[in-house]
Asker: 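I am attaching a structure below and will ask some questions about it afterwards.
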Amino acid sequence: MKRILLDFYSCRNLGDDLFVKIFSDYFRDCRINLIVNLRYIPKDLRKNVKIHPISLIHTVAGKIQSILGWDSKISADIQKYLIWQRRRIEKKQDAVVLIGGSVFMGKKSKGRKEIPFRTEEHPEYIITGRLEHHSNRFVIGANLGPAYSTEYWDNIKSVLRDYTHVCLRDYSSYCMVKELSHVQYAPDVLFLTPRPDVDCGERVVISVIDIRRYTLDASIISSYYTLLQETIQYFKGKSIPVTLVSFCERDGDEAAIEALLTRIKDKDDISTCFYRGDIQEILRIFAGASFVIGSRFHSVILGILYGKPVFPVSYNCKTENYLADLQFKGKYATLDQLPSLKVEDVIYNYENRIIMDCSEHKKYAENQFWGLKKYLYGDLKQ
């Protein structure tokens, strides 16, 4: 049985936990050694998934570093030890996989804005990548950026060269580094998510984020909550129930929902769903919705995957780049646009039944695993 060391964003985030579920289902004939924060172990792991003992060291070390400060000398020494320990363990694995979305973000500094890098080219789904054979390390499901300096691209190319194969989930990211022959593009892993068998009805699902994590502009923060509040009131006026969904407690989704609810006096027909490990509960809510307002990136993916009209709220380039890949025909909002938006803009996609065809994305999402499969099992047809 092949052994895979799997690393992911372990904070009980719906999207990342789904990555683990889909990956372990796909490689069910492999032993998946999961590196996890022991406070946030995903529920209902497959029998081929085992918690790697280094997870305990990582969890304890992270707690110590947070207490002493990440810039302290002791924290630096702990980090050096963790890197040494990881490298020692990686040599005993058949493959080491980093699966995640925004795992290569640029460092944001005061006064610097995101540098857009969206391409006008349409995605090509044919696999063109090859494998480097200097390591056993892989990246699956990532996007590049946000970038805040031109130096970011030289630095990230240097980082990517350390891997045997890299699969990026948006074509704009791929185009920025496509001279690296071991890098390829494929649609997001979550397009492989099965659809639950549920009845659809009139229900609006809203994914809420802590907008303060993405902007310090008070007018944008206020506009975000005001727009959601007014949209909820619009649907309440039509007796259409609304469900507010949190994808990640640690990232502030639940607190943001509570802040939004304080603005609404009459809470009849408003429900909440906080992700605490029950993936199917969230998937059923999205599958049964009639309209999705998505702030979380993967709320947009799930809404489109399940054939819903979606209004995306983009807090950084990854959402906009994905919408460009999909050739999205509806309206959506960037953070800078929020102060000028009206409820009419939000409900436009709903009223006009703008539902995107994502059949190509569902068909080719499996290519995210092509490089790893080729490495583990030999030649594969492209």
Side-chain angles (χ1 to χ4, degrees), residues 1-11 16-17 19-42 45-65 70 75-105 129-144 155-169 177 180-184 189 368-378 380:
M1 178 178 281
K2 301 287 187 179
R3 293 170 299 174
I4 301 173
L5 188 68
L6 184 63
D7 199 357
F8 76 115
Y9 180 64
S10 177
C11 287
D16 293 282
D17 287 2
F19 281 153
V20 172
K21 175 176 173 50
I22 294 169
F23 184 90
S24 58
D25 284 347
Y26 194 86
F27 291 99
R28 63 181 63 196
D29 59 340
C30 297
R31 176 187 169 111
I32 312 297
N33 296 310
L34 192 65
I35 299 177
V36 63
N37 186 321
L38 296 180
R39 293 173 293 176
Y40 302 113
I41 299 175
L45 292 172
R46 287 185 57 86
K47 291 182 179 180
N48 63 320
V49 180
K50 306 298 180 184
I51 306 302
H52 196 281
I54 198 177
S55 298
L56 175 59
I57 299 173
H58 271 285
T59 303
V60 173
K63 186 66 174 177
I64 294 172
Q65 288 173 302
W70 296 93
S75 291
D77 290 340
I78 290 174
Q79 197 60 34
K80 289 178 183 177
Y81 169 76
L82 290 175
I83 293 172
W84 173 81
Q85 187 76 284
R86 272 289 297 270
R87 292 290 182 262
R88 187 179 66 84
I89 292 168
E90 287 178 1
K91 292 178 181 178
K92 300 178 181 180
Q93 308 293 314
D94 292 294
V96 179
V97 177
L98 172 61
I99 189 168
S102 298
V103 294
F104 296 117
M105 291 187 289
R130 65 179 180 86
L131 303 186
E132 295 287 353
H133 292 286
H134 59 268
S135 76
N136 63 343
R137 302 171 70 220
F138 294 79
V139 175
I140 290 174
N143 59 266
L144 303 181
N155 293 336
I156 204 63
K157 289 173 187 176
S158 177
V159 170
L160 296 181
R161 287 188 181 96
D162 287 339
Y163 292 91
T164 294
H165 190 261
V166 176
C167 193
L168 301 174
R169 69 180 178 183
V177 295
L180 301 178
S181 59
H182 68 297
V183 176
Q184 73 170 63
V189 172
Q368 283 281 349
F369 304 134
W370 177 86
L372 181 58
K373 281 185 67 176
K374 184 176 177 65
Y375 181 84
L376 292 175
Y377 305 119
L380 299 171

Asker: Taking all non-hydrogen atoms of both residues, which atom of L98 and which atom of F104 are closest, and how far apart?
Answerer: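 Closest approach of L98 to F104: CD2-CZ, 4.4 Å.
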
Asker: Kindly compute the distance separating CD (E90) from CD1 (I54), expressed to the nearest 0.5 Å.
Answerer: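 It comes to 8.5 Å.
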
Asker: Please evaluate residues V36 and V20 with respect to the criterion side chain to side chain contact (heavy atoms under 4.5 Å, CB included), reporting the C-alpha separation (whole Å), side-chain torsions for both, the decisive distance (0.1 Å), and the verdict.
Answerer: CA-CA 11 Å; V36 63; V20 172; over 6 Å; no

Asker: Please tell me if the side chains of H58 and R86 come closer than 4.5 Å, counting only heavy atoms from C-beta onward.
Answerer: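 H58 reaches R86 side chain to side chain.
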
Asker: For C30 and L376, which heavy atoms make the closest approach, and how far apart are they?
Answerer: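 Reported closest heavy-atom pair: SG-CD1, 4.3 Å.
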
Asker: Would V96 and I89 satisfy side chain to side chain contact (heavy atoms under 4.5 Å, CB included), going step by step from the backbone distance to the final call?
Answerer: CA-CA 10 Å; V96 179; I89 292 168; over 6 Å; no

Asker: Can you name the closest pair of heavy atoms from G141 and F19 and give their distance?
Answerer: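 Residues G141 and F19, closest heavy atoms: O-CZ, 4.5 Å.
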
Asker: Just verifying a value: how many Å separate D7 CG and I35 CD1, rounded to the nearest 0.5 Å?
Answerer: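 Taking CG in D7 and CD1 in I35, the distance rounds to 4.5 Å.
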
Asker: Once rounded to the nearest 0.5 Å, what's the spacing between atom CG of L45 and atom OG of S24?
Answerer: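 So the gap between those two atoms works out to 7.0 Å.
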
Asker: What distance do L160 atom CG and N155 atom CG have between them, rounded to the nearest 0.5 Å?
Answerer: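 One gets 11.0 Å once the value is rounded to the nearest 0.5 Å.
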
Asker: Decide side chain to side chain contact (heavy atoms under 4.5 Å, CB included) for F8 and V103; before the verdict, give the C-alpha distance in whole Å, the side-chain angles of both, and the deciding distance to 0.1 Å.
Answerer: CA-CA 9 Å; F8 76 115; V103 294; over 6 Å; no

Asker: Looking at residues at least two apart in the chain, or sitting in another chain, which of them share a side chain to side chain donor-acceptor pair (under 3.5 Å) with Y26?
Answerer: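 Testing Y26 for side chain to side chain donor-acceptor pair (under 3.5 Å), a comparison that skips the adjacent residues, returns E366, K373.
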
Asker: Under 30°, 30 to 60°, or over 60°: which ring-plane class applies to F369 and F27, parallel, tilted or perpendicular?
Answerer: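 Answer is perpendicular, since the angle exceeds 60°.
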
Asker: For L131 and G371, work out which heavy atoms get closest and say how close.
Answerer: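 Smallest heavy-atom distance, with atoms named: CD2-O, 3.7 Å.
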
Asker: Does anything in residues 91-101 pair up under side chain to side chain donor-acceptor pair (under 3.5 Å), and if so which pairs, sequence neighbours excluded?
Answerer: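 Matches after skipping sequence neighbours: N33-Q93.
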
Asker: Answer whether the closest heavy-atom distance between the side chains of H165 and Q184 falls below 4.5 Å.
Answerer: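 SC-SC contact between H165 and Q184 confirmed.
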
Asker: Are Y163 and V183 packed together at the side-chain level, in the sense that at least one heavy-atom pair is separated by less than 4.5 angstrom?
Answerer: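 With C-beta onward as the side chain, the pair stays apart.
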
Asker: Are C11 and D16 packed together at the side-chain level, in the sense that at least one heavy-atom pair is separated by less than 4.5 angstrom?
Answerer: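 Sidechains of D16 and C11: no contact.
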
Asker: Using a 4.5 Å cut-off on heavy atoms from C-beta on, say whether the side chain of V49 contacts that of L6.
Answerer: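 The answer is no, as the side chains (C-beta and beyond) never meet within the 4.5 Å cut-off.
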
Asker: Please enumerate all residues that pass side chain to side chain contact (heavy atoms under 4.5 Å, CB included) together with H182, with sequence neighbours excluded.
Answerer: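 Scan of H182 (side chain to side chain contact (heavy atoms under 4.5 Å, CB included), adjacent residues dropped) gives E132, V166, L180.
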
Asker: Sequence neighbours left out, what passes side chain to side chain contact (heavy atoms under 4.5 Å, CB included) with S75? Give chain and number order.
Answerer: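 Counting only residues at least two positions away or on another chain, S75 forms a side chain to side chain contact (heavy atoms under 4.5 Å, CB included) with Q65, L68, S72.
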
Asker: If you take all heavy atoms of S135 and Y375, which pair is closest and at what distance?
Answerer: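 Closest approach of S135 to Y375, heavy atoms only: O-OH, 3.8 Å.
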
Asker: Inspect the contact between K21 and D25 and indicate whether a charged nitrogen and a carboxylate oxygen are less than 4.0 angstrom apart.
Answerer: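 So D25 pairs with K21 through a salt bridge.
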
Asker: Taking Q368 for its side chain and V189 for its backbone only, find out whether a donor-acceptor pair lies under 3.5 Å.
Answerer: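 Side chain of Q368 to backbone of V189: no pair is present.
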
Asker: To the closest 0.5 Å, what do you measure between CD1 (I78) and NZ (K80)?
Answerer: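 Separation between the atoms: 12.0 Å.
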
Asker: Which residues pass the side chain to side chain contact (heavy atoms under 4.5 Å, CB included) test with N37, not counting sequence neighbours?
Answerer: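 If we apply the side chain to side chain contact (heavy atoms under 4.5 Å, CB included) test to N37, skipping adjacent residues, the hits are S10, R39, Y40, T59.
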
Asker: Let me confirm one number: the CD1-CD1 distance from I4 to I32, rounded to the nearest 0.5 Å.
Answerer: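 Separation between the atoms: 4.0 Å.
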
Asker: Holding to salt bridge (Lys or Arg N to Asp or Glu O under 4.0 Å), I want the full list of residues that pass it with R28, two or more places apart in sequence or in another chain.
Answerer: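 Expected list: none.
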
